[in-house]
Chemist: 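What follows is a structure written as structure tokens; I'll ask about it next.
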Amino acid sequence: MRVPFQTVEVSGPSMVPTLLDGDWLLVRYGAPVRPGNVVILRHPFQQDLLVVKRATERREGGWWVLGDNAFAGGDSTDYGTVPEEFVLATVRLRYRPRRPDQTSLSARVSWALSALRPVFADRSASKRLRAR
């Protein structure tokens, strides 16, 4: 039996600006997936590889998933829909570790106020950051 919650580390730029390389996530296995949720899934072509993407819509054959960083690739635009059984968990919280250069008091306070954040299904903040 799998535990319902687990932590995983983000590797790569596909979910920037929502998630950064090195962030830690608290994920919940077996939670219902809704459009907009950030999810952990098995890569359709390499099932031993877990990836983090945003489930944008349910389509025939599974979920259409996209990275928040449109320039990184490696999502449904490359491999199509992801079968429902490959979507394993939803992301609940993001923890951003303190960087070594955050040594001043103001940098530490800023980090402390933003290090732990819930990950919402609403992607509007990410869209605003990418709009040009």
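Computed from a predicted model, the values in this text were never measured in an experiment.
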Chemist: Is any side-chain heavy atom of Leu41 less than 4.5 Å from a side-chain heavy atom of Leu50?
Modeler: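 Of all side-chain heavy-atom pairs linking Leu50 with Leu41, none is under 4.5 Å.
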Chemist: Walk me through it: do Thr18 and Arg54 pass the test side chain to side chain contact (heavy atoms under 4.5 Å, CB included)?
Modeler: CA-CA 10 Å; Thr18 306; Arg54 190 174 298 276; 3.6 Å; yes
Chemist: Give the minimum heavy-atom separation between Arg92 and Ala31, together with the two atoms involved.
Modeler: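 Closest heavy-atom pair between Arg92 and Ala31: NH2-CB, 3.3 Å.
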Chemist: Apply side chain to side chain contact (heavy atoms under 4.5 Å, CB included) to the pair Thr90 and Val38, showing each step before the final yes or no.
Modeler: CA-CA 6 Å; Thr90 57; Val38 176; over 6 Å; no
Chemist: Measure from the side-chain N and O atoms of Asn37 to the backbone N and O of Val39, and report whether any donor-acceptor pair falls under 3.5 Å.
Modeler: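 The answer is no, because no donor-acceptor pair under 3.5 Å joins these two groups.
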Chemist: Tell me every residue that passes side chain to side chain donor-acceptor pair (under 3.5 Å) with Arg108, counting only those two or more places apart in sequence or in another chain.
Modeler: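 With neighbours one apart ignored, the set is empty.
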Chemist: Could you grab the distance from atom CG of Leu116 to atom CZ of Arg94, nearest 0.5 Å is fine?
Modeler: 8.0 Å
Chemist: Find out whether Thr56 and Val65 are in side-chain contact, i.e. whether some heavy atom of one side chain is under 4.5 Å from a heavy atom of the other.
Modeler: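 A side-chain contact is absent here, since even the closest heavy-atom pair is not under 4.5 Å.
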Chemist: Do Val51 and Leu88 share a hydrophobic cluster, counting only Ile, Leu, Val, Met, Phe, Trp and Tyr and linking them when any side-chain heavy atoms are less than 4.5 Å apart?
Modeler: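 As far as the 4.5 Å side-chain criterion goes, Leu88 and Val51 are not connected within one cluster.
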Chemist: Name all residues meeting the side chain to side chain donor-acceptor pair (under 3.5 Å) criterion together with Asp101; count only those two or more places apart in sequence or in a different chain, and write none if there are none.
Modeler: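 With sequence neighbours excluded, Asp101 shows a side chain to side chain donor-acceptor pair (under 3.5 Å) to Arg99, given in chain and number order.
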Chemist: Can you list the residues that meet the side chain to side chain contact (heavy atoms under 4.5 Å, CB included) rule with Ser114, with sequence neighbours excluded?
Modeler: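 Side chain to side chain contact (heavy atoms under 4.5 Å, CB included) check on Ser114 returns Arg117.
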Chemist: In chain order, what residues pass the side chain to side chain contact (heavy atoms under 4.5 Å, CB included) check against Leu26, with sequence neighbours excluded?
Modeler: Phe5, Thr7, Leu93
Chemist: Are the charged groups of Arg58 and Glu84 less than 4.0 angstrom apart, N to O?
Modeler: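 Salt bridge flag = yes for Glu84 with Arg58.
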Chemist: For Thr77, what residues pass the side chain to side chain contact (heavy atoms under 4.5 Å, CB included) criterion, not counting sequence neighbours?
Modeler: Trp64, Leu66, Asp75
Chemist: Who are the side chain to side chain contact (heavy atoms under 4.5 Å, CB included) partners of Ser106, not counting sequence neighbours?
Modeler: Ser104
Chemist: List, by chain and then residue number, the residues other than Val109 in its hydrophobic cluster (Ile/Leu/Val/Met/Phe/Trp/Tyr, side-chain heavy atoms under 4.5 Å); write none if there are no others.
Modeler: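 Listed partners: Leu105, Leu113.
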Chemist: Any link between Val119 and Val27 through a network of hydrophobic side chains (Ile, Leu, Val, Met, Phe, Trp, Tyr) touching at under 4.5 Å?
Modeler: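 Result: yes, single cluster for both.
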Chemist: Quick check, are the ring centers of Phe86 and His43 under 6.0 angstrom apart?
Modeler: no
Chemist: Strictly by salt bridge (Lys or Arg N to Asp or Glu O under 4.0 Å), give each pair with a member in residues 7-35 just once, sequence neighbours left out.
Modeler: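 Qualifying pairs, neighbours excluded: Asp23-Arg96.
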Chemist: Can you find a pair of side-chain heavy atoms, one from Val91 and one from Ile40, that are under 4.5 Å apart?
Modeler: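 Counting from C-beta outward, Val91 and Ile40 do come under 4.5 Å.
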Chemist: So, for Pro35 and Ala121, which heavy atoms are closest and what is the spacing to 0.1 Å?
Modeler: O-CB, 4.1 Å
Chemist: Any chain of hydrophobic side-chain contacts (each under 4.5 Å) joining Leu25 to Val87?
Modeler: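 Different clusters.
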Chemist: Do Val10 and Trp24 have side chains that approach each other closer than 4.5 Å (heavy atoms only, starting at C-beta)?
Modeler: no
Chemist: Could you tell me the separation between the OH atom of Tyr29 and the CD atom of Gln6, rounded to the nearest 0.5 Å?
Modeler: 4.0 Å
Chemist: Using only atom types and a distance under 3.5 Å, with no angle test, would you say the side chain of Tyr79 pairs donor to acceptor with the backbone of Phe45?
Modeler: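 No, the answer is negative, given that no donor and acceptor are paired below the 3.5 Å cut-off.
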Chemist: Shortest non-hydrogen contact from Tyr95 to Pro97?
Modeler: O-CD, 3.5 Å
Chemist: Can you name the closest pair of heavy atoms from Ala72 and Ser14 and give their distance?
Modeler: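 Reported closest heavy-atom pair: CB-CA, 3.5 Å.
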Chemist: Check whether Lys53 reaches the backbone of Met15 with its side chain - one donor and one acceptor, N or O, closer than 3.5 Å.
Modeler: no
